[in-house]
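Just so you know, residue 1 is the first one in the sequence shown, and it goes up from there. Note that ligands are numbered from 1 as they come in the structure, with each ligand's atoms numbered from 1 the same way.
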Amino acid sequence: MKRRRTAIVAGNWKMNFDHLEATLFVQKLAWMLKDVHFDFKKCEVAIMPSFTSLRSVQVLIESENIPIKYGAQTVSVTSQGAFTGDVSADMLAALGCSYVIVGHSERRKYHPENDANLVDQVRAVLAAGMKPVLCVGESLSERREGIELEFAVGQVNEVARDLSSEEASQMLVAYEPLWAIGTGMTATSTSAQEACKAIREYFDNTYGGETAEKIKVLYGGSVNSSNAAQLLSDCADMDGFLVGGASLDVEEFASIVRITQKLAGSFR
Ligand code: PGA
């Protein structure tokens, strides 16, 4: 089996770490990965800090030439103006962000982020030259009904269907079943693979094989250094992870990253 896409592990820090803690973490992570001659060509490493840490992380990463990427956890759909509290895609791009998480379940739950808004977020992120990481995934009730795949693919379709194939091929999709986020319950390899495959098939059916081959599909939901290897080696359509809780511990996060690099390497 061949994985043609470069793996990626992204840490979603949510509302944790101020700018001092964030830079200390990045510095430690960079040292740890340098120590083991980490191959960033096999596995991209990204962190998604709070808005308030982005500038400090940028300065550190640029001044020390650290090959770790970073991004934001959400973005405004408008480019500027009277939108108190919002941050535009251009502002994030100016801070060197590579990625923006779009439609994380916590944003969908606590903020008025509906599908139309998410399409606009994806467009804003792409227009600013960054990549959106679209989060989808079913709740326990959809899973009990047996409609988890339709649900997750439906969420992708709501956002992706109006994009051109060029735009769509820039996307990353994170399959994050709600019942697995922050609960310690992980999807089984079988169900994670089914979902990642169904998402890739959606892009195949909608945009064709070339786009489907480019799309990176990540898994998120209680990923840690004990379950990462199994998930990745069992799931041919999984290209890496979006890690929440375990990304707050630098040793744990470094382990997940190393496991991913090792397995990604063996698949190439
Ligand atoms: P978790 O969170 O790893 O703590 O389950 C994942 C996420 O919310 O992206």
Report yes if some N/O of [X] lies less than 3.5 Å from some N/O of ligand 1; otherwise report no.
X	result
E176	yes
A246	no
G245	yes
G220	no

Hey, which atoms in ligand 1 end up nearer than 4.0 Å to a heavy atom of [X]?
X	value
H104	7 (C), 8 (O), 9 (O)
I181	2 (O), 5 (O), 8 (O)
G182	1 (P), 4 (O), 5 (O)
G221	5 (O)
S222	1 (P), 3 (O), 5 (O)
A180	5 (O)

### Query
Quick check: does any side chain N or O of E167 sit under 3.5 Å from a backbone N or O of R123, one acting as donor and the other as acceptor?
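Not confirmed, E167 side chain does not pair with R123 backbone.
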#### Entry: Flag, side chain of S50 to backbone of S53, donor-acceptor distance under 3.5 Å
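No, the answer is negative, given that no donor and acceptor are paired below the 3.5 Å cut-off.
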### Query
Tell me: protein heavy atom nearest atom 3 (O) of ligand 1, and distance?
G244 N, 2.8 Å
#### Entry: Aromatic ring pairing W13/F25, orientation class (parallel under 30°, perpendicular over 60°, tilted between)
perpendicular
### Query
Where on N12 is there a heavy atom closer than 4.0 Å to ligand 1, on the side chain, on the backbone, on both, or on neither?
side chain
### Message
Counting only heavy atoms from other residues, nucleotides and ligands, does the tally under 6.0 Å from CZ of R258 exceed 12?
### Response
no
## Note on the structure
With E106 as partner, the option from H111, Q73, K14 fulfilling side-chain hydrogen bond (donor to acceptor under 3.5 Å, both in side chains) is K14
#### Entry: Donor-acceptor pair between Y207 and E166 side chains, under 3.5 angstrom
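The criterion, which ignores hydrogens and geometry beyond distance, is not satisfied for E166 and Y207.
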### Message
Pairing donors with acceptors under 3.5 angstrom, does anything connect the side chains of S191 and E194?
### Response
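No donor-acceptor contact under 3.5 Å links the two side chains.
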### Message
Is there a path of hydrophobic side-chain contacts, each under 4.5 Å between heavy atoms, that joins V243 and V217?
### Response
yes
